[in-house]
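Taking it in order: structure first as structure tokens, then the write-up.
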There are 4 protein chains.
Amino acid sequence: MSDRDGDEAHYAALAQLELAPLWNLQANLFPREPSRRAVPFLWRYADVRSQLIHFGKTLSMEKAERRVLMLVNPALRAQSATVANIYAGFQLILPGERAPAHRHTSHAFRFIVEGEGASTTVDGEKTSMKPGDLLLTPGWAWHEHLHEGKVPMIWLDGLDFPLMNLLGVTFFESLASRVQTPTRSADRASRLYAHARLNPVVPLASGHASHASPITNYPWERTDAALRAIGFDVEGAHERGVVLDYVNPITGGPVLPTMNCRIVHLPPGFDGAYQRRTASEIAYVVRGAGATVVDGKRFDWRQNDTLALPTWSTYRHLNASSSDDVVLFTYSDTPVLQALGLYREDGGHPDFISAAP
Amino acid sequence: MSDRDGDEAHYAALAQLELAPLWNLQANLFPREPSRRAVPFLWRYADVRSQLIHFGKTLSMEKAERRVLMLVNPALRAQSATVANIYAGFQLILPGERAPAHRHTSHAFRFIVEGEGASTTVDGEKTSMKPGDLLLTPGWAWHEHLHEGKVPMIWLDGLDFPLMNLLGVTFFESLASRVQTPTRSADRASRLYAHARLNPVVPLASGHASHASPITNYPWERTDAALRAIGFDVEGAHERGVVLDYVNPITGGPVLPTMNCRIVHLPPGFDGAYQRRTASEIAYVVRGAGATVVDGKRFDWRQNDTLALPTWSTYRHLNASSSDDVVLFTYSDTPVLQALGLYREDGGHPDFISAAP
Amino acid sequence: MSDRDGDEAHYAALAQLELAPLWNLQANLFPREPSRRAVPFLWRYADVRSQLIHFGKTLSMEKAERRVLMLVNPALRAQSATVANIYAGFQLILPGERAPAHRHTSHAFRFIVEGEGASTTVDGEKTSMKPGDLLLTPGWAWHEHLHEGKVPMIWLDGLDFPLMNLLGVTFFESLASRVQTPTRSADRASRLYAHARLNPVVPLASGHASHASPITNYPWERTDAALRAIGFDVEGAHERGVVLDYVNPITGGPVLPTMNCRIVHLPPGFDGAYQRRTASEIAYVVRGAGATVVDGKRFDWRQNDTLALPTWSTYRHLNASSSDDVVLFTYSDTPVLQALGLYREDGGHPDFISAAP
Amino acid sequence: MSDRDGDEAHYAALAQLELAPLWNLQANLFPREPSRRAVPFLWRYADVRSQLIHFGKTLSMEKAERRVLMLVNPALRAQSATVANIYAGFQLILPGERAPAHRHTSHAFRFIVEGEGASTTVDGEKTSMKPGDLLLTPGWAWHEHLHEGKVPMIWLDGLDFPLMNLLGVTFFESLASRVQTPTRSADRASRLYAHARLNPVVPLASGHASHASPITNYPWERTDAALRAIGFDVEGAHERGVVLDYVNPITGGPVLPTMNCRIVHLPPGFDGAYQRRTASEIAYVVRGAGATVVDGKRFDWRQNDTLALPTWSTYRHLNASSSDDVVLFTYSDTPVLQALGLYREDGGHPDFISAAP
């Protein structure tokens, strides 16, 4: 550009002054639509599991603090993110082990994959963990794990630390005593809240993150009962499956302020409609087998596999079986985008900035 | 008053001009604390039931539209209110009868006392009714009752029509066809919502009152399971019993915008603390026997009895048994007072106007 | 009714048991549309003023506490209400007089009619009063009046005590010392908030009613400047006039949780569209002359007159002049109805229960 | 680490499987407190201005679309951010120039530095621009600039595109016709809203971003009047200065959902208290001269200079003059952090996650 040639000294001066010409950067900074930095990717549980079992033998909990394999998107290695803003990893704990207490700004949850006999203590309340259970550890809540059972336990960890680090607001603290003193009876929150639609009138734990659900464990037994009771008699089930949101009973909103957790139930032979949204999503296969076509590429999955669905990618789910159902557990950063007025679903709204809830 | 004597002509002129001197009325209009117009009162179910059964024989549903005996507070006959703002009545429907469809501004619910085989259709969805179930018919929702069972059915009706009439905003409409056309499968809302803390992602019924719960029936089976699971391991249980709020799963708030519904569970031998609040309350005895001391007067109650607890009265509950528990179903106008910043509980806050939620 | 004849003993028993048959009362309790208990009525300022001046001579402030003539609707004498839920009165204070400090649950405001030199002290802050100013005294705020000027002052008092008494939640307290100790500089809230759309970052006065505006005085000087700046370049101005809501700067909502205050500006020759709503309204003529046709009856008004517009009445305003504008100050119980989902405007929404904000 | 030596093959396999060991990354991903990636930095207006004027001569608007010099933090060049999440730049427009219409997901505002005669058209409404005015262009609103005056105009641009790009949700669109058709009279929003605390009752522009203020221009004339009226009679003024938030009149909240704009007024001789918060902030000097000490380093500033204040940095402001005041215009990403429950101010709260509003 000839303008530019004559201006070389000036462009050099800009750099010296920590100034930059917008006119050379505008297309990068203002893309016509979201630039998909993450790629769709499938992690096979068989691979993850065999590696975890290996490190169970060679890496002590004292060294590891948490023995976790992170599912890092090939395009997001700098952030260690699975898909923009959110993260998935698989954690292994062996009989007799204890993962010491700490807390952090990041909100976290566990979805239990296999094993029995472990527990998580969250802010003084011990909660048992069974396959299919969803356990919450809201931001800044003290939490530790203990395994008193007989076989290895593995669970899926979901966290929002990529978002926290992008925003630059992460705090972290270890508990000096490593072990919390119990302050309430075990499994109390589940007993209090998991039945029907009744809220006990109790003071919330002091220091409770105000936006997070007070429920520590959403047990699989209840989730499965809901799936059976509802069946597929729901509007739109043939397009998206039956979609159930885990909710905070105090607000009716998402279980954590930055992530919502969902169950997606696909009937035998399901061949879904295309979906696209500004949220980033992670899908874990609770049961069944099928495939997801993401931006034209097909990913065939089996039980316990995990799939990264990038922001603004177009995808549809398929159930490969004509006789068995599929259950997916999914989570995304939708609450963040909705809180900021940035959530968009494809499908023709002329003005995509969604109204406040 | 000598001032007044000389002013007689002027006072007469005031009346002529539809003016009134505040100085003569101030003490009446601004009482130092709420003037309890309602009186505490206990209605015995045995009395109510025998009258209902009689009118079941002599009064046809065609004449009655709804065969209901109203529990009218002796001090609130002009408003037909049970206690300020809210109302209770017992309704009888006989096998083979149908109560035609209508709708009104008032929010209503039913708590089932006895019988089986009846159903309520609310905005096109038929819901079955069993003892202990709580059914909602939010304001302006079409609703009708049908009894296809074999024995008489009786339930408690809760409505806010005294409030609606005080505010002067009641609308009412009969459905010309008397019977609604079903638009959804029976008992659908209960199947969708009653299990665990999962919200199905579905469009709400169009025309749904935005503040009201989408759940038509909170089944007793679930309520009772919650009572058993929770037991009495809740802070404050020895003072107030275990208190459970029925909630709107979309908002976490009360089931209806004007009334909240609660279960109060009192352990054997319970001898509660005094309570006082600006809300008006009605208590119905689901099971057990005991007493409530209201403003120094004792009311002994048995199963199915109903008690009016006036605004700002001081009361405490007692469980008369040392072996059996007591379950109360209570409701009040608390959501109205909270929405307007007028809810007050006794107990020492210097500034009683509660903060916004 | 023959059924009834044979049932006389049973009906008598019902009365004895404090039960009432719904089937005989349903039409009264559930009217097809709001029963307009209030009547439209116009109070002429000339009449009110001459009476006030008389009582200024014969009634001392010591006797009166507040020297107010209440505008009582001929159909609402039992409640001393001007129109359902809300109230208007004119208050006179003479040079040198002091009206002692008290507080009450009712929210109140003053709109100044004539005179200068008086002040109101609200929770320790003294605020001066000029014609056209709107002063707030939120519920449970201490307030007293003092007149240090030279001519009688008269203002319009607006209160919600009819609503508070209907709900049965009125509290009232006199300040033992009769005079508050100033805690902040005079006219501070107006200085802080009345300019532009800037909110000072300050702690709210402790004990401040959370829903109420922190602004003590919305000065007429500013209101009039807004009227001049806006002119009539607003959508819908030819149908309703230019309508301006006084707002709470912290929430953007109404100045008080139970009443919203408005300015309605009618251009010369204005002949407005019909309006109907479930709110009850009071209109005071700030300047100009015109008429309002209410339910077919015409009320011609002049400056300082006050008009009661009952719930669900149909009305339209007219400006009688082809050269001068009209300014009305109006207030209503709209925030109450909106908070409870009961606000309705005529105009064809099939489902009239308005959505939550 | 010897464990690791024996595990080399396994670590290689992890990389192959797109898995990563959390135990090697935890300290990086979970820092004990926010890692300050941005550095504090001061841009002198004299430098920026002379470069802008140069490019005004050599770079045509046709080539530039917007002639803006970006203030890029030396530590955030990859994102072109001034401080984490938000951005500042200075824009020059010359007499006769037009910057064509476009829109983007990013929210933006302009604070006018010098010149007169330019205008911005936002969604069909033309608004004039004077020094000290704050103009909003909410996300997805069409906007263009036109200069009909006689001297160069320069303003500060504030945008949240770093946040939008981190979240991966940027959309951008150019208007094919380059020029919008006016749909409302010029300066209408300012006339409607800028006077007193009165909200006109008008329908919002369709497609209006629901969280953003409807006010296009907050004129300096009003801001300055507020500063004069308030003086320094505000609690805490000696520690933080007088702090005024520009607000959205519909909600009382920030003017844009992602950025709040403030005026900070420092009296002569001001020597402020230290502040630290999780928000990132940019300060522009409207008038006066002084200094800010950031993390122990002193930055002396004059009128029109701009300062980057990184997340979790500790700073205090000083007014260098004993006779003249200082006015700062500042903005930050506080609304983002508050919406997500991540806002923290230093000062000893044991649990720093702020309560929901």
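None of these values were measured; they are calculated from a predicted model. Numbers restart at 1 for each chain; the letters A, B, ... are given by sequence-line order, proteins then strands.
- When heavy atoms are compared at a cutoff of 4.5 Å, A/Phe90 does not approach chain D at all.
- Residues that satisfy the salt bridge (charged side-chain N to carboxylate O under 4.0 Å, His left out) test with D/Arg276, not counting sequence neighbours, are D/Asp346.
- Of the two parts of A/Leu159, only the side chain, counted from C-beta on, holds a non-hydrogen atom closer than 4.5 Å to a non-hydrogen atom of chain D.
- With sequence neighbours left out, D/Ser50 forms a side chain to side chain contact (heavy atoms under 4.5 Å, CB included) with no residue at all.
- Both the backbone and the side chain of A/Phe30 have a heavy atom closer than 4.5 Å to some heavy atom of chain D.
- Interface residue D/Arg37: only side-chain heavy atoms are found under 4.5 Å from chain A.
- When each of A/Pro162, A/Pro31, A/Ser174, A/Pro257 is checked for heavy-atom pairs under 4.5 Å with chain D, A/Pro31 comes out on top.
- Taking non-hydrogen atoms and a 4.5 Å limit, the residue list of residues 39-47 of chain A in contact with chain D, ordered by number, reads A/Phe41, A/Trp43, A/Asp47.
- With a 4.5 angstrom heavy-atom cutoff, D/Leu256 does not touch chain A via any of its atoms.
- Atom CG in A/Asn73 sits 8.0 Å away from atom CD in D/Glu18 (nearest 0.5 Å).
- Per-residue heavy-atom pair counts under 4.5 Å with chain D were compared for A/Leu29, A/Leu25, A/Val48, A/Asn165, and the maximum is reached by A/Leu29.
- Between A/His104 and A/His143, the ring-plane angle classifies as perpendicular under the 30° and 60° cut-offs.
- Applying the side chain to side chain contact (heavy atoms under 4.5 Å, CB included) test to A/Leu69 and every residue at least two apart in sequence or in another chain returns A/Gln51, A/Leu52, D/Leu14, D/Leu19, D/Trp23.
- Proximity to chain A is limited to the side chain of D/Ser106, based on heavy atoms less than 4.5 angstrom apart.
- Among A/Arg77, A/Gln79, A/Glu173, the residue making the largest number of heavy-atom pairs under 4.5 Å with chain D is A/Arg77.
- For a residue to count as touching a neighbouring chain, one of its non-hydrogen atoms must lie under 4.5 Å from one of that chain's; by this rule D/Thr170 touches chain A with backbone and side chain alike.
- Within the model, atoms CG of A/Asp123 and CH2 of A/Trp142 stand 9.0 Å from one another, a figure rounded to the nearest 0.5 Å.
- Of the residues D/His145, D/His107, D/Arg110, the one that meets the side-chain hydrogen bond (donor to acceptor under 3.5 Å, both in side chains) test with D/Thr137 is D/Arg110.
- If you measure heavy-atom distances from A/Arg66 to chain D, the contacts under 4.5 Å come from both the backbone and the side chain.
- Contacts between D/Glu33 and chain A at a heavy-atom distance below 4.5 Å involve backbone atoms as well as side-chain atoms.
- Most heavy-atom pairs under 4.5 Å with chain A: of the set D/Ser280, D/Ser80, D/Pro74, D/Ala13, this distinction falls to D/Pro74.
- Of the two parts of D/Gln26, only the side chain, counted from C-beta on, holds a non-hydrogen atom closer than 4.5 Å to a non-hydrogen atom of chain A.
- When the candidates D/Thr82, D/Leu167, D/Leu163, D/Thr311 are compared by the number of heavy-atom contacts under 4.5 Å with chain A, D/Leu167 comes out ahead.
- Rounding to the nearest 0.5 Å gives a distance of 8.5 Å between CH2 of D/Trp155 and CG of D/Leu92.
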Query - Worked check of side chain to side chain donor-acceptor pair (under 3.5 Å) between A/Ser332 and A/Asn260 - result: CA-CA 6 Å; A/Ser332 74; A/Asn260 73 336; 2.9 Å; yes
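- With rounding to the nearest 0.5 Å, the separation of CD1 in D/Ile154 from CD1 in D/Ile93 is 11.5 Å.
- For A/Thr278 (side chain) and A/Arg344 (main-chain N/O), a donor-acceptor pair under 3.5 Å exists by modelled atom type.
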Please determine whether side chain to side chain contact (heavy atoms under 4.5 Å, CB included) holds for the pair D/Phe161 and D/Phe172, giving the CA-CA distance in whole Å, both sets of side-chain angles, and the decisive distance to 0.1 Å.
CA-CA 11 Å; D/Phe161 71 76; D/Phe172 178 89; over 6 Å; no
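- Put simply, the side chain of D/Leu22 does not reach to within 4.5 Å of the side chain of A/Gln91, judged on heavy atoms.
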